[in-house]
Amino acid sequence: MKAYPLSLTLPLATHIFGGHNIREKLGKAGLPDGRIAETWEVSDVDGMIATVKNGELAGQTLRELTERYPDHLVAPGWRGPHFPLLTKFIDGNGMLPVHLHANDEAAARLEGQPNGKTEAWHILWAAEGATCLLGVKPGVDRATLRSALLDGDYDAVMYRYPVRAGDTFYVPGGMLHSFGPDTLIYEIEQTSNIQQHAMPWNMEDGSRLARATQEKNIDALLDELRPALVSLPYPGLLREETPACRRVMCCAGPYFALERWRIASEYAYTFGSVRLVSNIGEPCELEANGERYPLGRAESLLLPAALKQVTFHGPGEVLVGYVPDLENDVRAPLRAQGCDDQTIRLLGDVWDERR
């Protein structure tokens, strides 16, 4: 496999909660007219698998590359049924459904899937007063929660938090959640599209569900719920600061880490596993093997593991996602910046490597 920055096709979701913020606030070009809820920046999900657009690998799918070249694409020694990460821009112009995604254990046991779906939201824009629902309040039993979900009385049983640009929410599999309206996020997650939701309407078009169907959906949701989970908005931790680049660790766990970089000038970056780069600022460029690759507003590139090094040419601001070596990529650099272990834990479940 020839290693170079890969530009991918863009699967889209037009769910009822979407709007025009990905185009209007992020400046993403090339989107069709009409409502856009999600742009799947890097995806190996069945039915939404991206294809390479540029260079010698053009026309090959991310699934094909993952199966043929796992060591070169993802990391030396890595094996899996599909590419491990999914990233999206999501426009919560309206309220997303109150829903959850199974964790690994429940996904295998109840959904027949190879993995669950832990995710994180990095807030790019939120209107004044915007909030999210995240987690179940203590002491709420199954019957009470079921009744509240059926009645749409979410605040009676769920925590509500303010949503502000720059914060990140780490959302483990099994955690009940929703956000919107008036919220725009970047999401990184395990590669999966499983979910159970509690709403009386279809996410695709807003059509009403029969009461019996909603009850069945909520019962399935409750079977996958992990009610003790708690998560809070987090501003991130400084990982590195040089004259060329300021790197903030937004979140980290066994499945993914996400950093936000503010690039001032030329910045050389070395890595040993795949990196996903999404631009959230002005257009900039990456250089690899002597060639320049443009990165426009709200565009993304996949950097294969075998590429090993790129140079960013700023100024610019990007999000960088990857599957971390938790000690070397997360803990050690943050300790070097003066962070204690308890502070590092707040990034996510960085200590639970058994999941």
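All of these numbers come straight from a predicted model, not from anything done at the bench.
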Within the supplied structure, the quantity of interest is the number of heavy atoms (other residues, nucleotides, ligands) at a distance under 6.0 Å from Arg23 CZ; does it exceed 12? yes
Please check if Ile185 and Leu232 belong to a single hydrophobic cluster, counting links between Ile, Leu, Val, Met, Phe, Trp and Tyr side chain heavy atoms closer than 4.5 Å. yes
For the aromatic rings, using the six-membered ring if either is Trp, is the centroid distance between Tyr267 and Trp261 under 6.0 Å? yes
Intermediate values then yes/no, side chain to side chain donor-acceptor pair (under 3.5 Å), Glu111 and Gln195: CA-CA 10 Å; Glu111 305 265 7; Gln195 73 166 339; over 6 Å; no
Applying side chain to side chain contact (heavy atoms under 4.5 Å, CB included) to Glu41 and Leu10, what does each step give before you reach the verdict? CA-CA 6 Å; Glu41 298 297 304; Leu10 191 69; 3.3 Å; yes
Following the transitive rule for hydrophobic clusters with a side-chain heavy-atom cut-off under 4.5 Å over Ile, Leu, Val, Met, Phe, Trp and Tyr, establish whether Leu222 and Val157 coincide in one cluster. yes
Main-chain N/O of Leu96 paired to Ser178 side chain as donor or acceptor, under 3.5 Å: yes
Between the main-chain N or O of Met199 and the side-chain N or O of His197, is there a donor-acceptor pair closer than 3.5 Å? yes
Test side chain to side chain donor-acceptor pair (under 3.5 Å) on Ser273 and Arg275; report intermediate values, then the result. CA-CA 7 Å; Ser273 64; Arg275 295 306 194 252; 2.7 Å; yes
Can you tell if the side chain of Leu301 reaches within under 4.5 Å of the side chain of Ser278, non-hydrogen atoms only? no
Indicate the atoms forming the closest heavy-atom contact of Cys132 with Val163, along with that distance. N-CG2, 3.5 Å
For Lys308, look at atom NZ and say whether over 12 heavy atoms of other residues, nucleotides or ligands are found less than 6.0 Å away. no
Any donor-acceptor pair under 3.5 Å linking the side-chain atoms of Tyr161 with those of Asp167? no
In Å and rounded to the nearest 0.5 Å, what is the OH to CG distance from Tyr159 to Leu133? 13.0 Å
Ring centres of Phe312 and Tyr293 under 6.0 Å apart? no
Just wondering, do Val171 and Trp121 contact through their side chains at under 4.5 Å, heavy atoms? yes
What's the verdict on salt bridge (Lys or Arg N to Asp or Glu O under 4.0 Å) for Glu327 and Arg335, showing C-alpha distance, side-chain angles and the deciding distance? CA-CA 10 Å; Glu327 183 59 37; Arg335 289 182 186 129; 2.9 Å; yes
Should Val98 and Val140 be counted in the same cluster of Ile, Leu, Val, Met, Phe, Trp and Tyr side chains packed under 4.5 Å apart? yes
For Asp71, is there an ion pair with Arg79 - N to carboxylate O distance below 4.0 angstrom? yes
All heavy atoms of Gly290 vs all of Glu287, minimum pair found to be CA-OE2, 4.1 Å
Could you walk me through whether Thr311 and Leu286 pass the side chain to side chain contact (heavy atoms under 4.5 Å, CB included) test, one step at a time? CA-CA 6 Å; Thr311 299; Leu286 279 72; over 6 Å; no
At their closest point, which heavy atom of Lys53 faces which heavy atom of Leu8, and how far apart are they? CE-O, 3.4 Å
Charged N to carboxylate O under 4.0 angstrom, Arg63 versus Asp46? yes
Please answer whether the main-chain N or O of Phe83 pairs with a side-chain N or O of Asp44 as donor and acceptor at a distance below 3.5 Å. yes
Between Arg246 and Glu240, does any NZ, NE, NH1 or NH2 come within less than 4.0 Å of an OD or OE carboxylate oxygen? no
Is the shortest heavy-atom distance from the side chain of Gln337 to the side chain of Arg239 under 4.5 Å? no
Looking only at heavy atoms, the pair that brings Thr131 and Arg160 closest together is OG1-NH1, 2.7 Å
For the backbone of Pro5 and the side chain of Asn54, can you confirm whether one donor and one acceptor N or O come within less than 3.5 Å of each other? yes
Given side chains that start at C-beta, do those of Leu134 and Phe179 come closer than 4.5 Å, heavy atoms only? no
Test of understanding: with ring pair (Phe, Tyr, Trp, His ring centres under 6.0 Å), list the residues that count as partners of Phe89, not counting sequence neighbours. Tyr186
Would Phe271 and Val310 count as a side chain to side chain contact (heavy atoms under 4.5 Å, CB included) if you check the C-alpha gap in whole Å, the side-chain angles of each, and the deciding distance to 0.1 Å? CA-CA 9 Å; Phe271 51 94; Val310 296; 4.2 Å; yes
Checking the side chain of Asp91 only, and the main-chain atoms of Gly19 only, is there a donor and an acceptor separated by less than 3.5 Å? yes
Considering all heavy atoms, the nearest Tyr170-Ala252 contact: CE1-O, 4.0 Å
Is it true that, when you exclude Asp205 itself, more than 12 heavy atoms of the residues, nucleotides or ligands shown sit nearer than 6.0 Å to its CG? yes
Below 4.5 Å, heavy atoms only, C-beta onward: do Leu319 and Ile188 meet side chain to side chain? no
Check step by step if salt bridge (Lys or Arg N to Asp or Glu O under 4.0 Å) holds for Arg345 and Asp340. CA-CA 9 Å; Arg345 289 175 190 266; Asp340 59 46; over 6 Å; no
Asn115/His82 under side chain to side chain donor-acceptor pair (under 3.5 Å): CA gap, chis, key distance, verdict: CA-CA 10 Å; Asn115 58 264; His82 45 230; 2.9 Å; yes
Using the rule that two of Ile, Leu, Val, Met, Phe, Trp, Tyr join whenever any of their side-chain heavy atoms come within less than 4.5 Å, decide whether Leu276 and Leu326 are in one cluster. yes
Under 3.5 Å, side chain of Thr66 to main-chain N/O of Leu62, donor-acceptor pair present? yes
Mind listing the closest non-hydrogen atom pair of Asp219 and Arg142 along with its distance? O-NH2, 3.5 Å
Test: Arg247 and Glu241 ion pair at under 4.0 Å: no
Co-members of the apolar cluster containing Leu86 [side chain, <4.5 Å]: Trp40, Val45, Met48
When you compare the side chains of Glu259 and Tyr322, does any donor N or O come within less than 3.5 Å of an acceptor on the partner? yes
Side-chain heavy atoms of Ile36 within contact of His20, under 4.5 Å: no
I'd like to know if Trp201 and Leu100 are part of one continuous hydrophobic network [Ile/Leu/Val/Met/Phe/Trp/Tyr, side-chain heavy atoms within less than 4.5 Å]. yes
Could you tell me how the ring of His72 sits relative to the ring of Tyr69: parallel (under 30°), tilted (30 to 60°) or perpendicular (over 60°)? perpendicular
Does any N or O in the side chain of Thr118 come within less than 3.5 Å of the main-chain N or O of Gly173, such that one atom is a donor and the other an acceptor? yes
Check the pair Leu184, Ile123 against side chain to side chain contact (heavy atoms under 4.5 Å, CB included), reporting the backbone distance first and the verdict last. CA-CA 6 Å; Leu184 179 62; Ile123 311 303; over 6 Å; no
Does a donor on one side chain sit under 3.5 Å from an acceptor on the other, for His101 and Gln190? no
Give a yes or no answer on whether the side chain of Glu299 reaches the backbone of Gly296 with a donor-acceptor pair at less than 3.5 Å. yes
Verify, without hydrogens or angle tests, whether Ser147 (side chain) and Leu145 (backbone) share a donor-acceptor contact under 3.5 angstrom. no
With Pro304, the side chain to side chain contact (heavy atoms under 4.5 Å, CB included) member among Val74, Leu57, Leu6: Leu6
Decide side chain to side chain donor-acceptor pair (under 3.5 Å) for His122 and Glu187; before the verdict, give the C-alpha distance in whole Å, the side-chain angles of both, and the deciding distance to 0.1 Å. CA-CA 6 Å; His122 182 69; Glu187 185 171 80; over 6 Å; no
Between Thr191 and Leu85, is there a donor-acceptor pair closer than 3.5 Å when you use the side chain of the first and the backbone of the second? yes
